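Have a look at the structure below before the remarks.
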Amino acid sequence: MSADFTTALQRYFAAWNTTTGPDDLAKAVAAAFTEDAAYTDPVAEVRGHDEITAMIAGALAQFPGMEFRLDGEPDGHHDIVRFGWELVSVADGSAPVAGFDVATLAEDGRVSSVKGFLDRVPGA
């Protein structure tokens, strides 16, 4: 995996795991995503920093005490990277939610689009 993919995914997961307040979350989203980034998964379709920040804040509020973690090795080529992830309980290590995302990176290394899939969902 290229260093660009590594850095992009580090920033991506940092945004998803920012729990130190709305200002820090907004900064993390701006560092990880382009201004007009699009994010689409089965439960969300958002665009831009404000909508992505609100979506992540909602997920963090819905799953307190959990963090998003990379699951397995990412695979990428050109400006596209695919990767698995899990939502893991910090307390007991359980991972009730898991998925798979495909992200496109802009020239500056930030995410310009994400297509997400949910592979494991509680109660499903």
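This chain uses plain numbering: 1 for the first residue, then up along the sequence. Nothing here was measured: the structure is a model prediction, and the numbers come from that model.
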Under 4.5 Å between side-chain heavy atoms, hopping through other hydrophobics if needed: is there a path connecting Phe68 to Phe100?
-> no

Backbone of Asp36 reached by a side-chain donor or acceptor of His49 within 3.5 Å = no

Are there more than 12 heavy atoms of other residues, nucleotides or ligands under 6.0 Å from atom CG of Asp50?
-> no

N/O donor-acceptor pair under 3.5 Å between Arg120 side chain and Ala95 backbone | yes

Does one hydrophobic cluster hold both Phe117 and Trp16, with members joined at side-chain heavy-atom distances below 4.5 Å?
-> no

Taking all non-hydrogen atoms of both residues, which atom of Ala28 and which atom of Thr18 are closest, and how far apart?
-> CB-OG1, 3.5 Å

Could you tell me whether the side chain of Ser94 and the main chain of Pro96 form a donor-acceptor pair under 3.5 Å?
-> no

Is there a side-chain contact between Trp85 and Val97, using heavy atoms and a 4.5 Å cut-off?
-> yes

Would Leu105 and Phe5 satisfy side chain to side chain contact (heavy atoms under 4.5 Å, CB included), going step by step from the backbone distance to the final call?
-> CA-CA 8 Å; Leu105 304 184; Phe5 292 142; 3.5 Å; yes

CG of Asp71 to CD of Glu86, rounded to nearest 0.5 Å, is 4.0 Å

Would you say Leu118 and Tyr39 are hydrophobically clustered, going by side-chain heavy atoms of ILVMFWY under 4.5 Å?
-> yes

With rounding to the nearest 0.5 Å, note down the distance linking OG1 in Thr6 to CZ in Arg11.
-> 11.0 Å

Smallest separation among heavy atoms of Ala44 and Met55, with atom names = CB-SD, 3.6 Å

Shortest non-hydrogen separation from Thr40 to Glu45 and the atoms involved | OG1-CG, 3.8 Å

Output the distance between atom CG (Asp24) and atom OG1 (Thr53), rounded to the nearest 0.5 Å.
-> 11.5 Å

Is there a side-chain contact between Arg110 and Glu35, using heavy atoms and a 4.5 Å cut-off?
-> yes

Shortest non-hydrogen contact from Thr34 to Ala106?
-> CG2-CB, 3.6 Å

Keeping the roles fixed (side chain from Ser112, backbone from Thr104), state whether a donor-acceptor pair exists under 3.5 Å.
-> yes

According to the interplanar angle, ranging from 0 to 90°, do the rings of Phe83 and Phe13 count as parallel (below 30°), tilted (30 to 60°) or perpendicular (above 60°)?
-> perpendicular

Cluster question for you: counting only ILVMFWY and a side-chain heavy-atom cut-off of under 4.5 Å, with indirect links fine, are Leu9 and Leu87 together?
-> yes

Value rounded to 0.5 Å, distance of NZ in Lys115 from CD1 in Ile80 | 11.5 Å

What pair of heavy atoms forms the shortest contact from Ala8 to Gly109, and how long is it?
-> CB-O, 3.4 Å

Tell me whether Leu70 is reachable from Val88 by hopping between hydrophobic residues (I, L, V, M, F, W, Y) whose side-chain heavy atoms are closer than 4.5 Å.
-> no

Give a yes or no answer on whether the side chain of Arg82 reaches the backbone of Val102 with a donor-acceptor pair at less than 3.5 Å.
-> no

Which word best sums up how the rings of Phe33 and Tyr12 line up, parallel for under 30°, tilted for 30 to 60°, or perpendicular for over 60°?
-> tilted

